[in-house]
Each structure stands twice: as structure tokens, then as C-alpha cells.
Amino acid sequence: MKKLYSISLLFVFLVGTSLALGKQQSSADSLEQVFQNQNLPDSIRYRAIQQHTFSMIFSDGEEAKFKIQEVLTTAEKEVGKSRIYYEILQNLGIYYDVHQQTDSSLIIFSQILEESQKQGWKALEQRSFNNLGMNRLNSSDYKAAIDYFSKSLEIGRSDPNALEANFVSSISNLGLANQELELYEQAIKYHLEALEIRERLKDSNGIAISSANLGICYRLMGEEKQAERYYRQAIENAKTAGNKVLFHRVHDNLGALYIGQKNYEKGLLMLTIALDDSDGFTPDPKMELSIVSNAATAHVDLGQSEKALAFAERGLKVLENNPELVNYSLTLKNALAKIFFRKGDFEKGNAYLDEYQELSKQVFNEENAQLLTDLQVQYDLEKKESQIALQNAELQEKNATLQRNYFAFAALGLLLVLLIAIFIFYQNRNRRKQELLVKDRELKVKEAFIQASLESQEQERRRMAQDLHDGFGQYISALRMYVSQLKNNQAKEELKTELVSRTDSVLDEMSKEISNVVYDLMPATLIRFGLISALEDLAHRINAGEKVKLEIESQDLPDRMDELVEINLFRICQEWINNVLKYAKASHIMLILSQNQGIAKLQILDDGKGFDPNVFQHSKRNGWKNITTRAELLNGKLELFTQDGQQGTELLVTFPYVHRAN
């Protein structure tokens, strides 16, 4: 699943050959001279130019593309479409993939795979599967990527004479697949295995790639010291290998790490190096957008609005020329909103804030749409890893059985099958047990919600019955007595007039009582005019008693919220305010409703006497249960701030809320 962490992207790198990268300009010149020497065999000449053009992909950008195309034209004339021709063509595919032209690279890698299978070129076939896996990974097609990497690793390891350099990239790329699926511990295992091999091979470019990806994994796991260590290691080796793409990207990632730690001096230094083009490197649009967005964020945090705006405007220009990068502009839009708010231009600030929130919602929805697919891919990945582990075990077993006789081989094979069967049996049993435990917990949670709801309903019924019995019972008795006296023909006219007046008074009181009961059931103001109006009506009723003053304040709320949200919030307010009125002896209550960046808050503060919060939090009374149940229905967090012996109490409810316009 693609994730946005600041704007520093989870970058990946292709390793398509076991040849070492040219580390210095003199080495590159030497390879070019070998190619131009017509007295040497074609195999030596084209192997040298293949190595040279591969190193150019990471150091000379567009020049690499034209050089590869020029060499391909020459090769077709001199040696035809031989194996070396397709190995140089592979470099062109890698160039396209590194520069995000995935469709072009897919065509080239598929063509090379088809030809290598036809000709029986196993090493080239293995590298083609690896490169196709990277192409699919860069296109978020994780299932296909995993299949290609696994096939590449299987071919590499199936050859007993294979060198580690032939399949180390497949191990590294399986780490990338785990990394993209957020299986960071598994990803680190693969990256460390690849790093160990590359250190044995003294492959600076490979060491830089593995170190960079380890830095990403540790950062996303929150282990920032480890992340910094591996980023530093990646920078040193990328510089040694002449990999300018990796050198600049890791400086961007390290800069973002420091900015996240509020170490702006170091962070801006890293970003300055990332943008520096004195070495002839020009960042691609996605990298440039990442760097300038991180720089703008740092200057905003430092209060340097003009410097921040200069970087942000550069980012807008990149976005204007490359609109397909809009999903990577969250950090930029957030920085622009802060810049214009600080400059006092609230119209532009609000406009960019709206764009940021809309883009956040869009990215969130796209990630949710991929959730089920990604879960299936994770399952497939784990299954494929099991298959790879099984293949490794079988290869080891095969080598061992060369020194044993037929009967020992049969016994070991039977034992292996038995162990696998036992393992699968216990794994399935444990999985079923875990599933049953999860379902049992879910049922208990649902039962708790149902029980709380039923208790709330029963309490409401009892309260209504008590109100009707206590209130209307005495009024009806009085009416019966007055009507009985009115029926008495011997009653004087003056008495009848007084009885009629008393009857009117009783009917007025009954009307008020009915209104109060109806209000407690469901305030008409809440249904017709919304939450704020209903709370103001509640405040009016309470303030009319002149004993307690209730104030209502709302901040950045829509006129109407979702109906269930309004009802749950009103009932929480009603229940808690009743508690304050009964027990706190407060003279002033403040109720504040606010919303900011998708988070809504309800605060109820009073100046009454405090108490031990455990009285409520461990209480079995329905009032507190109703409050906690309604907070859970909002997916909210309920907090109570009070202390015995101190004055004042605060009830705080926070919950996610995004307004849906009708």
C-alpha cells in the first residue's frame, strides 16, 4: 500500500547486474576507451559499455538514455540482436523504471524475458524476472511483483554454482515488497540479509541501497537513531559508488527526519545538499516536490514566512507541470495554508487548508479502497515466503542426500513430511483458536453495548412512569375533586367560578408537565433546528431558575451535524449537566463544542466541587454507562479531569468527525 510520510517517498532502486558501478570519472573514461578500441573482441567491448551505461543511469540522467540508445543502434549493426544486445537493452528498461516511465520499461523487460527464455539464457532470465518485479512494485501491483521476485530468486538459488551477486537483488526486492506492505520487521530481515551479502562483495552501490531502505523501515517503526545511522551509511556509499540519484534522495529523507525532530539546522542543511545541482544532477519532479515541500515546512516552523513561500512557490510550479503528482502534495498544501495564515491572508490560507483537507480525504479513500487487496497480497506474500523457505530446505536436503544412501534419504523425506504435517496441524489449530478468541471478544463487546442500551431504556421507562405517576396523578386527583364539586347543584356561583379558575390552573400545570416529559424524550428544537439550538434551549431552561448559569459556545461547527451525532452529543450534555446540578453545587457551567481538522471536541466545565474520578469510572450506575456508551458510539475518547478537594471539573469528549454536506 502506498503511504505518504511527509513528502519523503518510499523510494526503491533496481539492481539488474552483478557488474560493479564505475566509481570515478576516470573509470568511466576507461570503459569508454575499451568500447572504442576496435582491436578488442566484441564481447569485451560491449561488456565494458554495458557497465558504463548502467552507471550513467544513476549519475548522468538524460545523457544516459541517449548514450544507451546510441550503443543499441551500433550493437545491432555490429553484433546483431545477440545476448549482449539484450543486456544493454535491459539498461534502457532500468533507466525508464528509475525515471517512473513504467509502461515503457514493462515492454522492454517483457521483451527481454521472452527472448532469454527462448534462447535459454538463464542469468538474463533471472535478472528479467527481477526487473519485472521492480516494475510491478513501482506500479503498486504487489502480487505480480512478489511472483516475479520469487521466480528470480528461485532461478538464482537453483543453480549450485550460482554466485550470491546473481540473486542478492531479489532478496533485497522481497524486502521492498514487505516494506511497501508495512511488514517492516520482515522487510528488515530481508534488507539485513542483502546488506550482509553486499558487504562481503564490497558492492558500494548495493550497500547504499540496502542501508537506505533499512533507514526507511526503522524511521517508519519510530526507531530514529537506527534510521539516522543507516541513512548516513547510505550517503557515504552512494557517494563512493557515484549513485547521484540515491545520494540526493537520502539527503532528502535524512532532512525530513531531522525536521521531524525539530532539528531545523541539520534538516535544512540536508535539504540544501539534496537540491544542490553543482554535481550535474537534476532531481526528477517527484524528488524536487519532496525536497522543496520539506524545506517550506521547516521555514514555516521557524517563522520564516518569506523563505517558506519561496520554496512553496517552487513546489507549486513543479505541481503545475506535473499534475499527476497531486497525491504527493499534502505537505506542500499544509505549508501554504500556514504561510498565508501567518501573513494575514486568511482567504488564501483557508483555500489551501480546504485543498489540504480534500486531498487528505481523497488519499484516505484511495487507501481504504486498496485495503482488502493489500491484505490478500500480504497473505500471498507470507505464502510465497513459506514456499521459498521450503525450497531452501529442499535444496539443502538435496545436497546432504548426495552423501547418504537411498534408505537414509527416504527416512529423512518421511520425517520432513511428518514435521510439515505436524506444523501445519498446530498452525491451523492455533489460528482457529485465535479466530474464536477474537469472535468471543467481539460478542462480549456487543453484549456489553446491548446490555447498556437495555439498561438505559429501562431506566428511561421507570423515570417516565415515575414522572407520570407523581406529576399527573396528583393533577388528576385535584381535577376529579373540582369536577365533583362543580356537579353539586347546591354549590354557590362564587365557589363554582373559583373551581373553574383552579381547574384552568391545573390544566396549565399539566400542559407544562407534558411539555417537560416530551422535552426529556426528544427535544423538538434538536430535531428541527439542530444541536446548538437545542443546547441553547436547555441553557434557557436552566438559567431561568437563576441558581446556575449555563453558557454555550461553538467554534467552527457546521449548522447541522449528522442526526445520530447530534442526538448522542445532546444526551451526553444532558446527562452530565444533570449530574453537575445534583451534586457539584456549581454556580457556573461552560459548554464548548469545536471542530478542527477532522477532530470534534465537547468540553463541559463547571466551578463546582471536585471529586475522585474513580467514583464514576468504576460506577455501575446507568447515567455514567449512558455517557460512556454514547461516547463509544461516536468512536470517541472520554476523559474526566477532577480531583477530590479541589474546585472545578472538566468532562472532555473527542471524536473523529468529517461533515458530509447534504
Inset, instruction - May I ask you to check whether Ser278 and Asp276 show a side-chain donor-acceptor distance below 3.5 Å? - result: yes
Inset, instruction - Could you tell me whether the side chain of Thr74 reaches within less than 4.5 Å of the side chain of Val71, counting heavy atoms only? - result: no
Legend entry - Selection residues 327-346 - residue pairs positive for salt bridge (Lys or Arg N to Asp or Glu O under 4.0 Å), sequence neighbours left out: Glu306-Lys343, Lys333-Glu355
Inset, instruction - Could you tell me whether the side chains of Ser170 and Ser152 share a donor-acceptor contact shorter than 3.5 Å? - result: yes
Inset, instruction - Check Val98, Thr102, Leu176 against Met134 for a side chain to side chain contact (heavy atoms under 4.5 Å, CB included) and give me the one that passes. - result: Leu176
Inset, instruction - Verify, without hydrogens or angle tests, whether Thr297 (side chain) and Ser293 (backbone) share a donor-acceptor contact under 3.5 angstrom. - result: yes
Inset, instruction - Give me the ring orientation class for Phe346 and Phe341: parallel if the planes are under 30° apart, tilted from 30 to 60°, perpendicular past 60°. - result: tilted
Legend entry - Between Asn294 and Asp252, a side-chain donor and acceptor under 3.5 Å: yes
Legend entry - Residues Tyr95 and Gln101: side-chain donor-acceptor under 3.5 angstrom: no
Inset, instruction - Answer yes when Lys189 and Glu193 have at least one side-chain N-carboxylate O distance shorter than 4.0 Å, and no when they do not. - result: no
Inset, instruction - Determine whether Leu92 and Ile108 make a side-chain contact, defined as any pair of heavy atoms from C-beta on separated by less than 4.5 Å. - result: yes
Legend entry - Check: Gln126/Asn166 side-chain N/O donor and acceptor closer than 3.5 Å: no
Inset, instruction - Answer whether the closest heavy-atom distance between the side chains of Ile339 and Glu313 falls below 4.5 Å. - result: no
